[in-house]
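Here's the structure we're looking at; comments come further down.
Everything numeric in this text was worked out from a predicted model, so none of it was measured. Lettering of chains follows the sequences in order, A, B, ..., and the numbering in each one begins at 1.
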Amino acid sequence: MMESFYDITLNVHRYDPDTDKRWIDTYQVKAGRIMRFVDVLRKVNDEQDATLAWGSSCEHGQCGSCSMKINGKPLLSCELLVENAVHYFDTTTFTIEPLDVAPVIRDLVIDTDKAYGRVDKVKPYIIKPKPLGEKGEEHQISPEELERYVDATRCINCFCCASACISSHHNFLGPNAMLAAIVRVMDPREQEKQSRFDTLYSENGIYRCHSSQACSFVCPKEIDVAHFIALAKNGEIKPA
Amino acid sequence: MRNYLKLDATMRCDVLIIGAGGAALRCAAEILEQKPNANVVALTKVSHPQKSHTSTAQGGLAAVDPKDPLDSTLFHMFDTWKGSDCTADQNVVKKICESAWEQILWLENRGMHFSRDPQGRLSKRTFGGHTRNFGEASVHRAVFEADRTGKGIMDTGWGETLKRGITFINQCLAVELLIKNGACSGCIVFRQKEGTFVKILAKATIFASGGSGQVFQVTTNCRQNTGDGLALVLQSGLPVMDPEAVQFHPTGIVGPGILASETLRSVGGILRNAAFEPFMVNYAPKMKELAPRDLVARAIESEIREGRGVMNPDHNIPHVWIDLRHLPAEVHEKQIPEVSSFFKRYVNLDPKTDLCPVRPSNHYHMGGIPTNEYGEVEDASQNIIEGLYAIGECAAASFHGFNRLGTNSILELITMGKLVADRVVAAIEKGPSHNPESDGKRFIERFSGYLQAGKKDSLGLIRSSLRRIMTENVSVFRTEKGIEEAIQILSELKVRAENTALAGRSLAMNQELVQRWELDNLLAVSMVICQAALDRKESRGAHFRDDYPDRKDEYNHHTLISMIDFGITESGRREVDMSIFKAGGEQHEKFAIIERKY
Amino acid sequence: MLASNIRKIAGIQYMQDLSRTHGWPYLISWSHRISGVLLAIYVCFHIITLSTLQDPAVFTSKMLMFGSLFPTFFEWLLGIPVIYHCLNGGRLLLYELFANRRDQLVLGWVFVLSLSYIVLLGFFMAIGNQSVSAILFWVYLFVVSLFITFITIKKTRQSHASLAWKLQRISGAFLFVMIPAHMLYMHLDPSTGRDAQVIITRMSSSFIKLVDFLLVCSVLYHGAYGIFGISRDYLSSRRLQIISTFSIAILATLFAWIGVNLIFSVG
Ligand SMILES: Cc1cc2nc3c(=O)[nH]c(=O)nc-3n(C[C@H](O)[C@H](O)[C@H](O)COP(=O)(O)OP(=O)(O)OC[C@H]3O[C@@H](n4cnc5c(N)ncnc54)[C@H](O)[C@@H]3O)c2cc1C
Ligand code: HEM
Ligand code: HEM
Ligand code: SF4
Ligand code: F3S
Ligand code: FES
C-alpha cells in the first residue's frame, strides 16, 4: 500500500548569471517516502550536480528561505514530503522553478533583497509607541483583542502569497506587505496610524487586491491573508 | 595563480556586526537608539536577517517579573548556576538575570506580540529547571509569543534596526578577521550574490554569528550554523572556550531532527519507551519530564542503548515516543499548534491520535568565543582584544556554563546585546579608531586553494561522514576511544576536502564554494570539540564521559583551546567566576559548588 | 485515454491544475475578470447599436442584421457572463464589505442561482410573448436596487478606501439586480428589446429615462474603473499608466455622452 521509495523526475529551471543563459535540467532521483524536497535537492547536489543552487535555512518551515514553485505551486520546499507531493500532484514528475517575485540570481535563488524592498515600504515596526504604564509596567492587551490580529503576525515573508496573487508583482506591494501594515494598525500600542493608511490605501496597496484568495490558499503558515486585506477594505482594522 | 581573486572594495563604518540574528539585532538597535547617526553594518549569511536561526526559537525566554510574588531574580540566578553544573560565571549570571525584565519591556514596547493572560498582561509558563525557593517547586518564569518567541524577537529587532537606518549586507560571509597587535580593525567579507570580496573597517567589530549545530548529523539548527565565528577566531590564533559543552535537545523529531519544543513536555507530554512505559520517573523522580535537557536526553539515549528504543524504518534511526494523545484539544490547538503540526507535516502523524517519534538532537553550543562580562573578546592569556566583541550563541561569557537552561539563550541575546551596545557606544564615542589595520591576505590563499583543487570527490559526502562520526562518537555519550577515533577520521576528511575539486568555478552565488568554506569551519570546530572533550576526563553538564561518569573538582574551570594547525591544539584554562558566592550575601551558600540533582 | 484527451482539449486539465496550485477562488477571480472585460466590451457595442434608435429605420435594419448574425442562442450565451459576473460580484461585495467569511457557501449559491437564471432566461426566450408593464416592473426592481445600493453606501462609510473604489462597489451593488433584470425584461417579449417603436414608446416615460440614465452611468463608471484597475495591475511604467488612464476616461465619457444623449433625444 505505501511505497518506501519513489523514483521521481525533477525538471529544474536553471539560470547562470555569468553567461546569462537559461535552461532546464532533468534529474532522476530515488527518494525516500518522507524525504522533504530540500533533502531531495541536497541529494542532487551530493550525488549528481553540485552546481545546482537553491536556498534554505531553518528547514522546518519557520524562516521562508526555501520558497519555490513546484509544478506551478509556490510553496516551502522544506515542508513538502515526497510522498505528499506525489499524492497531491498525482505524478512523480516535478517542475521546479524559482519564485517570480524578484529577479533570479542563480537557478532557484532569487534576489530576496528586492522582494523585501516592498515590505520595508510599509514600515514593519511601531512608528510611534504608546508609552508604557505609569509604573513602567507592560501594556494591557486582552487575549481577545490580540486574537483579532495575532494570525497576521505569523507571516514569515516567504513570498509564496505574492507569487500566487492574481495581481502580478509589478505594482502591488504584496499580500505579506499588506499584512505587516495591517498588524500595526490593529496593534493598540501603535499611535501612528495615518501614514500607514497612506500606504495601505495607495495605488500599490489594497486596490491591487481582487480577493482572489490565492494568498490564503498557498500560505504555508495557513494565514487567511485575504481575510485581513478584506478587513482593511471595509475599515474593520481599527483597534477595538 | 588565479588573479581574479582580489579585494574589490573597502568600506568603513563605526560598528560592524557579523551576524543579524537576535543578539546582533538587539545590539544594533540599542547602538542606533543611543547614537542615531552611528554607521552600523550587519552581515548575514542568509538572504535576509529574518531568515536567521533565532527565528526558529519556540518556547520562550526566562525573566523574573518584579510583580511576581512567588518568583525572584535570586531563584533565577540559582537555577542558572545549578543548571550550568557550576561552570557558569556568576558575574555574568547576575548581570543577565537582573536586567532581564527590563529587556522584556523593551521588546514589549517595540511591538513584540507576546502572548497575554486573561488580564491582558504578559502570560508566563514554566520550563525545565525553572524553580522557586532553590529547587522546591516549579515556577512560571518564561514569557513567550505562542510557539514562535524567537520569531517575535527577530521581527522586533529587524523592525527597530530598519527604522533606525542600519545597513544590512545579506547573503555574505565574513571570511577573515583583521587582527593586528591585539586589536581588531574589521573583517574581510565575501559577497555571495556578486562574488566579490570587500574589506570592511570598523571601530568596533561584534561577533554574533550563532551556533555550530551542523557539526552533528541530527540537529535542530539551521543550515547556516556551521560555526563560522569559532573557526574565524581559531584561524586568528585566538582560543575558543568550552567547545566540548554541546547541548542535545532531548526531543528532536526523528528524521530531520526538527525540534519538538520543551513545551510539549511542559504542557504534559509523556515520554514512553518501546514497551510504552513512562520512563522519566526512573531518572528524575521529582521533575520527571521537566528535568533539564541533558538529563532527559541521557535518559532517552539510555533507554535506546539498553534496547528499549523503537527503530524507525524510514530513517533507520532508533527513538522513543512522546505521548500527547491525552491532552485536551484546546491544548493542542492553542498552546502547541505549530509544534504539533510538525509531526503531521514532517512524518505524517497526528499527535492527537498517534504516538510521536522523538530522539535527542543536537541543539545548542554553550561553548564559544571567550569574553568577559562586557562581551569583550579575550585571548588565551585573558587579555582583551581591542575593538572585538562577541555575543549570542557564538560567544561564551559564560552564562550557561556546561548546560543551558531552556529559555536562557534568547534571554542572553537580548540582555548581552544591550550590555555590549552600551560598551560599544562608549568606545566609538572616543573618536576614530586607532586600531592598526591589517591587510587580510589569508582569504586569497584559502579560496584560491578551493578553486584549484583537482580531485573528484563529493563535498556533500565528506560533510555527511563528518556529521555521522561526530554524532556517533562525540555526542550524548563520549568515551576516550570514540573521541580518538573521531579525531583520526576528521584528519582524513580534512585531507580529502583539501583535494576535492569544485564542479563550478564561478564566484557569484556559488553555493558549492560556500559549502567548501563551511566544511573547513566544520572540520575546525569538530576538531576542537573532540580535543577538549578528550581532555576533560570527567562528566559535567552536557559533557558526559562514559569512562568518567562523575564530576570532578579538579575540572572546576573553563577550557580554553587554540589551534596552531589542524589537529594541533593548545589548551589552557579560565577560572569560573564565583563572585556571588564570594560576596557572601544572603543565601550565598546556594552558589557554592553544589550537586546538580533534580 | 479519450477522457484525458477531452480534458486536455477543453482546458479542464489546465483549470484543475490551476485550482490545485492557486485554489478555486483564484480561478473564480480570473473568470470574474474575463467576464467583466467581456461585458465592458459588450456595453460599448450595445450603446452604439442603441444610438441608431434616433433613426428607427436604421435601428430596425441593424436589428434584422443582428437577428441573423447573433442568433438568439448567442444572446442566451451572453447571459452566462452577465449573471456570473453579477452574482460573483455580489459575493465579492459580501466578502469585502460585509465581512462574510462563509465564502464557500456563497460561492455555491452563485453557481446554483446562475444556473437557475440561465435556465429561466432560456425559458422566457423560448416562449417569448409575455406582457409586463414596464413601469411596474422597473419601479419594483428599481426600489430593490436602490435599497441594496443604500446599505452598501452605509457599509462603505467606515472604510478608509478612496471614493473611486467605493463608487465601484456602490455601482456594482446598484447593478446587482438591475442588469439581470434588464436582460430578463428584454426577453419577456422579443419586441421589448428589438422593435424600435416599442422601445421608443417605452423610453418616452421620464421614469424609464431616469432608470436608463442611472443604468448607463453606473455601468460605464463601473466598467471603466474595472478596466483601469486591471491596467494598474500590469502597467508599471508611469507613462503607460497615464496614457491608459486617460484613454479609459475619455472612452467612458464618450460612450456616456452617446448613451445619455440617446436617452434624452428619443421618445
Ligand atoms: C529549534 C530551536 C528552538 C529554540 N528555542 C529556544 C527557546 O525557546 N528559548 C531559548 O532561549 N533559546 C532557544 N533556542 C536557542 C536560540 O534560538 C539560539 O541560541 C539563538 O537564537 C542564537 O542567536 P544568535 O543571535 O546568537 O545567532 P543566530 O540567530 O544564529 O544568528 C546568527 C547570524 O549570523 C549570521 N552569520 C553566521 N555566520 C556568518 C558569517 N560567516 N558571515 C556573516 N554572517 C554570518 C547568520 O546569517 C545569522 O544572521 C532554540 C534553538 C533552536 C534551534
Ligand atoms: C451587475 C452587477 C455587477 C456587480 C455586482 C459587479 C461587481 C463587481 C465587483 C465587486 C468588482 C470588483 C472586482 C475587483 O476588482 O476586485 C467588479 C469588477 C469588474 N466589473 Fe463588475 N459588477 C457588475 C456588473 C458589471 C458590468 C455590467 C460590467 C461591464 C461594464 C462590469 C465590469 C467589470 C470589470 C471590467 C471589472 C474589473 C475586473 C477585475 O478587476 O478583475 N461589471 N465587478
Ligand atoms: C442581449 C440582451 C439585451 C437586450 C436585448 C438589451 C436591450 C436594450 C434596450 C432595448 C435598451 C434601451 C433602453 C430601454 O429599453 O430601457 C437597452 C439599454 C441599455 N442596456 Fe441593454 N440589453 C441587453 C443586455 C444588456 C446588458 C448585458 C447590459 C450590461 C452589461 C446592458 C446595458 C444597457 C444599458 C447601460 C442601457 C442604457 C443605454 C443607454 O442609455 O444608451 N444591456 N438595452
Ligand atoms: S502571508 Fe503566508 S505566504 Fe505570504 S509571505 Fe507570509 S507566510 Fe508567506
Ligand atoms: S492573492 Fe492577491 S488578489 Fe488579494 S486576496 Fe490575496 S492579495
Ligand atoms: S528553510 Fe526555512 S522555511 Fe524552509
Side-chain angles (χ1 to χ4, degrees), chain A residues 69-75 85 87-91 95 97 160-161 163-172 182 185 193-194 196-219 224-238, chain C residues 13-14 16-34 36 88-89 91-101 103-104 107 152 154-166 168-169 225-226 228-238 240-241 245:
Chain A
K69 286 205 284 188
I70 297 188
N71 283 356
K73 185 172 188 218
L75 44 75
H87 291 160
Y88 188 81
F89 293 109
D90 199 13
T91 172
T95 302
E97 298 162 81
C160 287
C161 52
S163 168
C165 179
I166 195 172
S167 181
S168 84
H169 331 290
H170 303 293
N171 303 319
F172 191 19
I182 290 166
V185 176
K193 308 277 183 202
Q194 193 51 48
R196 294 199 184 286
F197 288 153
D198 294 346
T199 14
L200 267 178
Y201 303 103
S202 73
E203 273 304 316
N204 306 326
I206 55 147
Y207 305 129
R208 300 278 68 76
C209 163
H210 307 276
S211 295
S212 72
Q213 297 172 36
C215 45
S216 306
F217 181 80
V218 300
C219 178
D224 192 351
V225 191
H227 156 77
F228 286 100
I229 301 181
L231 287 189
K233 286 176 180 169
N234 82 354
E236 278 182 40
I237 50 169
K238 278 176 240 129
Chain C
Q13 185 65 50
Y14 179 69
Q16 207 171 36
D17 287 348
L18 257 190
S19 79
R20 194 146 48 189
T21 56
H22 292 70
W24 270 111
Y26 179 80
L27 267 186
I28 301 289
S29 284
W30 266 113
S31 323
H32 190 77
R33 181 161 270 196
I34 293 164
N88 191 56
R91 178 193 130 241
L92 290 173
L93 291 177
L94 281 179
Y95 186 83
E96 293 180 349
L97 287 181
F98 294 87
N100 163 61
R101 289 295 173 271
D103 206 42
Q104 288 291 321
L107 202 56
T152 307
K154 252 186 80 176
K155 202 72 210 175
T156 56
R157 292 185 60 165
Q158 65 164 338
S159 164
H160 298 270
S162 69
L163 184 66
W165 182 87
K166 286 180 183 176
Q168 198 203 26
R169 313 292 135 155
Y225 187 90
F228 161 79
I230 297 174
S231 74
R232 273 303 159 93
D233 281 1
Y234 294 102
L235 303 177
S236 33
S237 115
R238 196 74 205 137
L240 284 180
Q241 283 183 355
T245 309

### Task
Please flag which part of C:Thr156 lies under 4.5 Å from any non-hydrogen atom of chain A: side chain, backbone, both or neither.
neither
### Message
In the structure I gave you, are the side-chain heavy atoms of C:Tyr95 and A:Lys233 within less than 4.5 Å of one another anywhere?
### Response
no
### Query
What part of C:Leu235 lies closer than 4.5 angstrom to a heavy atom of chain A: side chain, backbone, both or neither?
backbone
## Note on the structure
Whatever's closer than 4.5 Å to a heavy atom in chain C on A:Cys165 counts as backbone
### Query
Using a cut-off of under 4.5 Å for heavy-atom pairs, which of C:Gly23, C:Ala164, C:Gly229 has the most such pairs with chain A?
C:Gly23
### Query
Which atoms form the tightest heavy-atom contact between A:Asn234 and C:Gln158, and what is the distance?
O-CG, 3.1 Å
### chain C contact via A:Leu75 - which portion, at a heavy-atom distance below 4.5 Å
neither
### Message
Among C:Phe98, C:Trp24, C:Trp165, which residue has the highest count of heavy-atom pairs closer than 4.5 Å to chain A?
### Response
C:Trp165
### Task
For the residue pair C:Trp30 and C:Tyr26, categorise the inter-ring angle as parallel (less than 30°), tilted (30 to 60°) or perpendicular (more than 60°).
perpendicular
### Task
Side chain from CB out, backbone as N, CA, C, O: work out which of these in C:Ser237 comes under 4.5 Å of a heavy atom of chain A, or both, or neither.
neither
### Task
With the side chain counted from C-beta on, respond yes when A:His227 and A:Gln213 share a heavy-atom pair under 4.5 Å apart, and no when they do not.
no
### Query
If you tally heavy-atom pairs under 4.5 Å against chain C, which of A:Ser212, A:Ala214, A:Gly235 wins?
A:Ser212
#### Entry: Heavy-atom proximity to chain A below 4.5 Å, by part of C:Leu92
side chain
### Query
Checking A:Phe172 against chain C: side chain, backbone, both or neither under 4.5 Å from a heavy atom?
neither
### Query
Of all heavy-atom pairs between A:Ala232 and A:Ile182, which one has the smallest distance, and what is that distance?
CB-CD1, 3.9 Å
## Note on the structure
In short, A:Val185 meets A:Phe197 closest at the heavy-atom pair CG1-CE2, 3.8 Å
### Task
Please flag which part of C:Asp103 lies under 4.5 Å from any non-hydrogen atom of chain A: side chain, backbone, both or neither.
side chain
### Message
For the CG atom of C:Asn88 and the OG atom of A:Ser211, what is their distance to the nearest 0.5 Å?
### Response
10.0 Å
### Task
Return the minimal non-hydrogen interatomic distance between A:Pro74 and C:Thr21, and the atom names on each side.
CD-O, 4.1 Å
#### Entry: Part of A:Asn71 lying under 4.5 Å from any heavy atom of chain C
backbone
### Query
Under a 4.5 Å heavy-atom cut-off, does chain A meet the side chain of C:Arg33, its backbone, both or neither?
side chain
### Task
Work out which heavy atom in A:His210 is nearest to a heavy atom in C:Ser29; give both atom names and the distance.
O-OG, 3.7 Å
### Summary
Most heavy-atom pairs under 4.5 Å with chain A, out of C:His160, C:Gln241, C:Lys166, belong to C:His160
### Query
Where is the tightest heavy-atom contact between C:Arg20 and A:Asp90, given as atom of each residue plus distance?
NH1-CB, 4.2 Å
### Query
Under a 4.5 Å heavy-atom cut-off, does chain A meet the side chain of C:Arg101, its backbone, both or neither?
side chain
